[in-house]
There are 2 protein chains.
Amino acid sequence: MSAPTRAAAPAPAPASSKSQLAYEWLHAQIVSGSLAAGARLVLAQVAGELGISVVPVREAVRRLEAEGLVTFEKNVGATVAGIDPIEYLYTMQTLSLVEGAATALSAPAVGRSDLAAAREVNARMRAMVDDDHQFDPVEFTRLNHEFHSVLFEHCPNPHILDLVHRGWNRLTALRGSTFSFVPERASESVAEHEELLRLIERGAPTPEIELAARRHRSATLDAYLASTGAHPHFPTL
Amino acid sequence: MSAPTRAAAPAPAPASSKSQLAYEWLHAQIVSGSLAAGARLVLAQVAGELGISVVPVREAVRRLEAEGLVTFEKNVGATVAGIDPIEYLYTMQTLSLVEGAATALSAPAVGRSDLAAAREVNARMRAMVDDDHQFDPVEFTRLNHEFHSVLFEHCPNPHILDLVHRGWNRLTALRGSTFSFVPERASESVAEHEELLRLIERGAPTPEIELAARRHRSATLDAYLASTGAHPHFPTL
DNA sequence: CCGGACTGGATCGTATACGATCATCGTATA
DNA sequence: TATACGATGATCGTATACGATCCAGTCCGG
């Protein structure tokens, strides 16, 4: 059992420490969706799979718990988070807040090459929307992340930037397993991207950019809510 | 040298687990200022002081690291964070963002009794400001926290609320050791509190409350920057 | 037939021991 | 004297072992 002859487990890249290894491996498994939401994580089992001991695995799991990617219950075990729909809403709302700020703070540092890159990505998204045959929700989501990454990665405040990353990770984990894409939003989303780029390009005031970025995500949240009709009273930010 | 002669280690309250005990103890020590910024934390030493082993201490330290209260370096040891002034600015800015949102989201749930409590606290702050003899920076800071707690504790989004708490903790730890209060701000601060209460009481729109709360903290940050003149180009949110 | 206590298994929480890594300090040499 | 180098100590990182706790299934009594 201890022999690392496991085919599926992608040979864990050499990490600085074993707890880091466990963290990165689990993180990748969860974000990529290989570990579905609700899946149980037994410390000893994970340790055996990675060929290490339980102590570093435990530490990795606690870190993931702090990021909201797993829930850890005493004497019961850890489970991959992402079951609760309300958590999805909270995450979206929080991301709306921090991503809006990050995008606004990044704007002054966004250069021509960044804008060009973002435009190129958005063009591919538009192509997808225009041609129904080519539309691929997974790829569309990936492009969406790439687009926004360009716009918020220059954020001078590392704390806010970190919160944005955590939000995206959590969202990716949650969405991949439980929630469905709302394709009706795709066209609007691409249009809002272009509007956002125009604002940044012309050096619009920071609050204006923040509001645009925030509402861009809020609109996605609203679309999700409308498609489910489940939580009509969710507070708007 | 082994006994740090710390002022009466308060008998660690019984906690659910020992790692939780270590976490709470260290957290309290740092936030209260008993452990000054830059102080070294040796795992074995802390473990001995609490009468437990190093493993749970290690876990507690990693959690504190995730919250930004300590920095952990391999084979060197952990140190209480809070030396870097720029970190203080980042924290203030982030707190401005999340606290503004939390206050705005809480507003609909703030009732008469909450408003009365907040007014009572603010009255005490005003009394302090009016009478120079009674002014006590530490107590003023505590009252300030109490005031804002009333206004953001009803936040329906637990993620945002958690970020607010973390921000305050981090700020408290940083401020207690390295940064000085700006007493010139006290009077304005109290006035802004009253304005904030009026907005909430009359049911002002959410964005308006958010902006007021955010700028209230931004003003404190600006005052700090002005008093030091060190970082004139810090971006405004 | 049903409900409560009991036992067995599984899992986590912690202690202890050992190895790995890094910083520090002393020494020799150019 | 300044610098390079090696020995020493301190600290963390991990493995292993054991105890504590909880859950589930079972058995017994009503």
Side-chain angles (χ1 to χ4, degrees), chain A residues 1-4 9 11-27 29-30 35 38-81 83, chain B residues 1-4 6 11-27 29-30 35 38-81 83:
Chain A
M1 275 301 283
S2 62
S16 51
S17 72
K18 301 201 177 179
S19 83
Q20 186 67 15
L21 167 86
Y23 173 78
E24 291 174 5
W25 188 79
L26 284 171
H27 191 281
Q29 295 282 312
I30 295 173
L35 279 172
R40 287 193 64 199
L41 289 179
V42 179
L43 296 190
Q45 194 173 316
V46 174
E49 197 148 343
L50 292 175
I52 62 180
S53 181
V54 297
V55 178
V57 174
R58 172 184 166 84
E59 181 178 317
V61 169
R62 295 310 275 263
R63 268 213 277 168
L64 291 165
E65 183 192 24
E67 293 184 25
L69 291 178
V70 308
T71 61
F72 204 15
E73 212 171 338
K74 180 168 176 167
N75 295 326
V76 172
T79 59
V80 179
I83 315 171
Chain B
M1 193 51 198
S2 60
R6 202 156 283 132
S16 51
S17 71
K18 300 201 176 179
S19 81
Q20 187 65 16
L21 168 86
Y23 173 78
E24 290 173 6
W25 188 79
L26 284 171
H27 191 282
Q29 295 284 312
I30 294 173
L35 280 172
R40 287 192 65 199
L41 290 179
V42 179
L43 296 190
Q45 195 173 316
V46 175
E49 197 149 341
L50 292 176
I52 62 179
S53 181
V54 297
V55 178
V57 174
R58 173 185 166 82
E59 181 179 317
V61 169
R62 295 311 275 263
R63 266 213 278 168
L64 291 165
E65 183 192 24
E67 293 183 25
L69 291 179
V70 308
T71 61
F72 204 15
E73 212 171 340
K74 181 167 176 167
N75 295 326
V76 172
T79 59
V80 178
I83 315 171

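Per chain, numbering begins at 1; letters A, B, ... match sequence-line order. Side-chain atoms are counted along with the backbone in the values below, which use heavy atoms only and exclude waters and symmetry mates.
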Trainee: Can you tell me how far apart NZ (K18(A)) and CG (L50(A)) are? Round to the nearest 0.5 Å.
Mentor: 10.5 Å

Trainee: Determine whether a donor-acceptor pair (N or O, by modelled atom type, separation under 3.5 Å) exists between the side chain of R40(A) and the backbone of V80(A).
Mentor: no

Trainee: In whole Å, I'd like the distance from the CD atom of Q20(B) to the C1' atom of dT14(C).
Mentor: 15 Å

Trainee: Between Q20(A) and E24(A), do the side chains contain a donor N or O and an acceptor N or O under 3.5 Å apart?
Mentor: yes

Trainee: I would like to know whether E67(B) and Y23(B) meet side chain to side chain contact (heavy atoms under 4.5 Å, CB included); could you show each step before the answer?
Mentor: CA-CA 11 Å; E67(B) 293 183 25; Y23(B) 173 78; 2.4 Å; yes

Trainee: Taking atom CD1 of I30(A) and atom CH2 of W25(A), what is their separation to the nearest 0.5 Å?
Mentor: 9.5 Å

Trainee: Return the polar atom pairs (N/O with N/O) between nucleotides 15-21 of chain C and the protein under 3.5 Å, or none.
Mentor:
{"residue": "dA15(C)", "atom": "OP1", "partner": "K18(B)", "partner atom": "NZ", "Å": "3.4"}
{"residue": "dA15(C)", "atom": "OP1", "partner": "S53(B)", "partner atom": "N", "Å": "3.4"}
{"residue": "dA15(C)", "atom": "OP2", "partner": "S53(B)", "partner atom": "N", "Å": "2.7"}

Trainee: Tell me, which stems hold DNA chain C, with a stem being 3 or more Watson-Crick or G-U pairs in a row and both distances under 3.5 Å?
Mentor: C:1-30 with D:1-30

Trainee: Calculate the interatomic distance between Q45(A) atom CD and dC12(C) atom P; express it in whole Å.
Mentor: 10 Å

Trainee: Are side-chain heavy atoms of L41(A) and L26(A) found at a separation under 4.5 Å?
Mentor: yes

Trainee: Listed by chain and number, what are the salt bridge (charged side-chain N to carboxylate O under 4.0 Å, His left out) partners of R63(A), not counting sequence neighbours?
Mentor: none

Trainee: Roughly, in whole Å, what's the span from CD in E59(B) to P in dT14(C)?
Mentor: 7 Å

Trainee: Would you call E65(A) and R62(A) a salt bridge, taking side-chain N to carboxylate O under 4.0 Å as the test?
Mentor: yes

Trainee: Please give, in whole Å, the distance from dC12(D) C1' to E65(B) CD?
Mentor: 13 Å

Trainee: Taking only the side-chain heavy atoms of V42(B) (C-beta and beyond), determine which of dT11(D), dT14(D), dC12(C) contains the nearest atom.
Mentor: dT11(D)

